[in-house]
2 protein chains.
Amino acid sequence: MASIYDIAKMAGVSVATVSRVINGEKYVAPETREKVQKILRETGFIPNANAKSLTKKKTNTMAVVVPDLTNPFFTEIIRGIEQQAAQRKMAVIIANTDEDLEHERLAIRSLMGRRVDALILASAARAGKEIRSSLRDDIPLVLLDRKPNGLEADLVRSDDRGGAEILVDYLFALGHRRIGFISGKAGISTAKNRLEGYVAALRGHGLEPEQELMAPGDFQRTGGREGILKLLALAQPPTAVIAANNIEAIGALEALREKKLDVPGDLSLVCFDDLELASQVYPFLTVAAQPVKTMGAVAAQLALERLAGQSSQRREVVMRMTLLERRSCRRV
Amino acid sequence: MASIYDIAKMAGVSVATVSRVINGEKYVAPETREKVQKILRETGFIPNANAKSLTKKKTNTMAVVVPDLTNPFFTEIIRGIEQQAAQRKMAVIIANTDEDLEHERLAIRSLMGRRVDALILASAARAGKEIRSSLRDDIPLVLLDRKPNGLEADLVRSDDRGGAEILVDYLFALGHRRIGFISGKAGISTAKNRLEGYVAALRGHGLEPEQELMAPGDFQRTGGREGILKLLALAQPPTAVIAANNIEAIGALEALREKKLDVPGDLSLVCFDDLELASQVYPFLTVAAQPVKTMGAVAAQLALERLAGQSSQRREVVMRMTLLERRSCRRV
DNA sequence: TTGTAGGCGTTATCAT
DNA sequence: ATGATAACGCCTACAA
């Protein structure tokens with residue numbers, strides 16, 4: 001509750017001087033500086049950053065909004081962002097939306113109200129218009145992993161189609177011909193691209209994609225569970241399944257275990273995105289992994305560059321996926 | 001960059017009226033309200049929350065500081081906090097310190113500067129004095145999981161000694177008599193309590209605790225790796241090992257795998273804290289788990305109650321741990 | 001019902 | 001080198 005006025009009074013100087021001392025500016029006599037710093041220390045004074053941002057018109061803060069904070073894919077990305085930000089002495093503030101559009105709107109509004117300097121967003125929205133009114137267009141926006149339709153901004157993502165191909169190719173090579181796909185959240189770019197990649201890859205191998213082999217999903221556990229059950233219920237179920245992300249794969253595994261079905265014994269299973277910790281405990285799930293930490297770092301850099309006023313046009317950086325072969329598939 | 005002044009001008013009213021409309025106050029004529037709201041919508045105006053906090057002297061924000069955002073233990077806790085906060089329309093802002101004291105100081109300072117209304121802290125500090133100067137003592141502080149020495153504040157933690165007993169009892173019942181322990185970060189209360197519980201439990205079974213069976217750790221992967229190696233190098237290595245948290249257990253598993261040692265074949269391994277996702281992929285590690293989501297919710301409630309001015313004295317809520325028996329141990 | 005003006009805690013511009 | 005003082009964007013008496 002103390003302000004620099006209180007400090008000024010105690011030190012017998014003006015607020016301007018206190019401000020100068022706090023910000024380490026020159027043009028303040030050594031003795032004065034000493035005197036003020038002493039009081040600053042004694043009182044444990046912490047300047048009000050909100051007031052400061054009012055006059056400075058910047059907050060030295062960069063915000064990250066992710067749809068699922070329990071997904072290691074996103075937490076690793078965040079670490080990449082934090083490292084970059086720390087180098088520029090910027091604070092990072094993180095918000096979680098639980099893959100819920102309304103949550104996301106609230107979070108973004110809140111952050112915009114706080115006047116963060118930049119926003120890195122992995123959106124739960126399908127279209128830009130769903131969130132545009134919550135956004136301010138005068139600060140750098142970097143889209144992460146997903147591109148809502150019609151929202152033009154810098155974008156850092158992975159080559160989802162390529163990743164799908166990698167997975168299909170792998171399964172095909174193992175002899176699988178009926179390959180199921182549990183899709184991601186409907187309307188999300190990442191989900192669409194992965195599905196398209198899957199379809200294209202099948203065709204590339206002379207296989208005709210079948211509608212019944214593509215189950216809907218939501219990038220969450222429930223989707224994985226329901227998806228796998230749907231596929232299993234088919235008259236002619238697949239011998240291998242691709243889940244559109246790691247969390248869905250976990251949901252699928254749960255359901256399979258409940259049905260006493262073995263992976264890869266009864267069914268081969270792969271997915272997009274690695275599970276950092278889990279794969280250390282038990283290197284089991286074969287996945288198409290993205291360079292997560294790097295993605296975060298790149299996203300942060302794009303944001304910072306725009307902040308610095310460099311760069312003009314929209315940029316899109318696409319990362320390559322890598323197949324991490326483990327033990328969740330078998331040859332048929 | 002627009003302010004309520006701009007809106008006021010466009011609407012042909014005063015700033016006071018605009019403010020009233022924005023905050024949904026009564027005493028503004030329906031037509032005026034309409035008129036202003038129209039402009040608000042058209043311009044996509046988002047009020048500056050920092051300016052607002054200046055006069056309101058509150059930010060409707062609650063901060064959470066955790067040492068490891070990649071640890072599901074903390075992310076689950078965060079979800080518990082978020083749910084409570086959302087109910088009271090409070091925003092949650094999350095900061096990660098990577099178990100580093102200096103990071104933590106910076107994070108806390110930054111949050112205090114932002115004048116968050118309350119702070120929930122899982123600290124990397126051993127003693128309160130290491131961070132006290134970064135703290136403001138006029139806002140509610142709730143300690144989570146760990147209690148820095150000499151820092152008096154509300155506390156939500158688990159019964160670490162009890163948890164250690166559960167694990168030792170379990171291993172003892174399986175016939176283990178040489179039980180190793182990889183400790184947590186030195187000086188952290190949680191680490192101390194778990195170690196003490198281990199020692200006490202051993203004694204309870206008539207076993208004399210041996211110094212060489214207790215390896216130092218850091219709650220991180222490295223600690224787990226080095227700890228397990230140290231224990232394995234003993235003239236008479238343990239037949240079972242307890243890791244002070246989940247992440248250390250993962251580090252230990254990595255090292256074991258590199259040495260081609262099998263769990264539980266060559267060694268039994270258990271730890272504190274569950275690995276939510278991993279345990280779904282492969283229910284392998286036997287653990288003493290805490291009711292994470294609840295812990296978060298309780299922490300948030302304590303903070304909110306204090307904010308509401310209720311409650312006076314310091315409170316400490318201790319949660320019970322539960323043994324989740326899986327397949328990482330064998331009978332000897 | 002609406003408007004005016006002062007204050008919230010900083011920084012920045014001028015003086016001195 | 002230091003100090004007054006006017007912003008910054010909002011809220012809140014108080015007046016009208």
Side-chain angles (χ1 to χ4, degrees), chain A residues 1-37 39-40 43-61 109-117 136 138-139, chain B residues 1-37 39-40 43-61 109-117 136 138-139:
Chain A
M1 287 322 217
S3 78
I4 57 174
Y5 273 89
D6 304 307
I7 306 293
K9 200 163 298 170
M10 298 174 72
V13 299
S14 76
V15 289
T17 302
V18 176
S19 177
R20 291 187 187 105
V21 172
I22 289 177
N23 297 297
E25 284 171 37
K26 47 203 300 192
Y27 296 128
V28 27
E31 322 97 61
T32 331
R33 168 158 288 149
E34 272 310 320
K35 188 171 50 176
V36 175
Q37 272 174 336
I39 304 208
L40 251 18
T43 57
F45 179 73
I46 299 180
N48 185 326
N50 302 317
K52 174 168 183 170
S53 78
L54 256 195
T55 68
K56 297 288 263 188
K57 289 175 173 304
K58 64 173 180 175
T59 51
N60 278 314
T61 304
R109 273 227 162 69
S110 168
L111 294 166
M112 294 318 217
R114 287 185 156 71
R115 297 296 189 263
V116 296
D117 296 329
R136 289 179 59 111
D138 53 356
I139 69 163
Chain B
M1 286 324 210
S3 79
I4 56 174
Y5 275 89
D6 304 309
I7 306 292
K9 200 163 298 171
M10 298 174 74
V13 299
S14 76
V15 290
T17 302
V18 176
S19 175
R20 291 188 188 105
V21 172
I22 289 176
N23 297 298
E25 282 171 38
K26 48 204 302 192
Y27 295 129
V28 27
E31 321 99 60
T32 328
R33 168 158 288 149
E34 272 310 320
K35 188 170 51 177
V36 174
Q37 273 173 335
I39 304 210
L40 251 20
T43 57
F45 178 72
I46 299 180
N48 185 325
N50 302 316
K52 175 168 182 171
S53 79
L54 219 43
T55 67
K56 297 288 263 187
K57 288 175 173 307
K58 63 173 182 174
T59 51
N60 277 315
T61 304
R109 273 226 164 68
S110 168
L111 294 167
M112 292 318 215
R114 288 185 153 71
R115 297 296 189 264
V116 296
D117 296 330
R136 289 178 58 111
D138 54 356
I139 69 163

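Both backbone and side-chain heavy atoms feed into the values below; hydrogens, waters and symmetry mates do not. Small disclaimer: the values here were computed from a predicted structure and weren't measured. In the text below, chain A, chain B and the rest are named by the order of the sequence lines, each starting its count at 1.
Of the candidate nucleotides D:dG3, C:dG3, C:dG9, C:dG9 has the atom lying nearest to any side-chain atom of A:Thr55. Minimum atom distance to the side chain of B:Tyr27 is reached by C:dT1, of the listed C:dT1, D:dA1, D:dG3. Of the candidate nucleotides C:dG9, D:dG3, D:dC10, C:dG9 has the atom lying nearest to any side-chain atom of A:Leu54. Taking the side chain of A:Tyr5 as heavy atoms from C-beta on, and the options D:dT12, D:dT2, C:dT10, the nearest nucleotide is C:dT10.
Going from atom NZ of A:Lys58 over to atom C1' of C:dT11 covers 12 Å, rounded to whole Å. Distance, B:Ile7 CD1 to D:dC11 P: 13 Å, rounded to whole Å. Spacing between atom CD of A:Glu34 and atom P of D:dT2 amounts to 13 Å, rounded to whole angstrom units. Rounded to whole angstrom, the span from the CD1 atom of B:Ile22 across to the C1' atom of D:dG9 amounts to 10 Å.
In this structure, A:Lys57 reaches the D:dG9 phosphate: one of its side-chain N or O atoms is under 4.0 Å from OP1 or OP2. Checking the phosphate oxygens (OP1, OP2) of D:dG3, a side-chain nitrogen or oxygen of A:Thr17 falls inside 4.0 Å. Between A:Thr32 and D:dT2, a side-chain N or O to OP1/OP2 separation shorter than 4.0 Å is present. Side-chain nitrogen and oxygen atoms of B:Asn48 include none within less than 4.0 Å of the OP1 or OP2 phosphate oxygen of D:dC8. Phosphate proximity of C:dT4 to B:Ser14: absent, as no side-chain N or O sits under 4.0 Å from OP1 or OP2. Distances shown here put a side-chain N or O of B:Lys52 below 4.0 Å from the OP1 or OP2 atom of D:dC11.
Put simply, OH on B:Tyr27 and CZ on B:Arg20 are 11.0 Å apart, with the number rounded to the nearest 0.5 Å.
Among the heavy atoms of the strands, none lies under 4.0 Å from A:Asn50. B:Ala29 comes within 4.0 angstrom of the backbone, heavy atoms only, and of no base.
With the nearest nucleotide of DNA chain D identified for both A:Ala51 and B:Glu25, A:Ala51 has the one nearer the 5' end. Of the two residues near DNA chain D, A:Val28 and B:Pro47, the one whose nearest nucleotide lies more 5' is A:Val28.
Contact annotation: the side chain of B:Lys52 approaches that of B:Asn23 to within less than 4.5 Å [non-hydrogen atoms, C-beta and beyond].
Under the side-chain contact (heavy atoms from CB on, under 4.5 Å) test applied with B:Val13, the options B:Ile7, B:Val36, B:Val21 reduce to a single match, B:Val36.
For the pair A:Thr59 (side chain) and A:Arg115 (backbone), a donor-acceptor distance under 3.5 Å is present.
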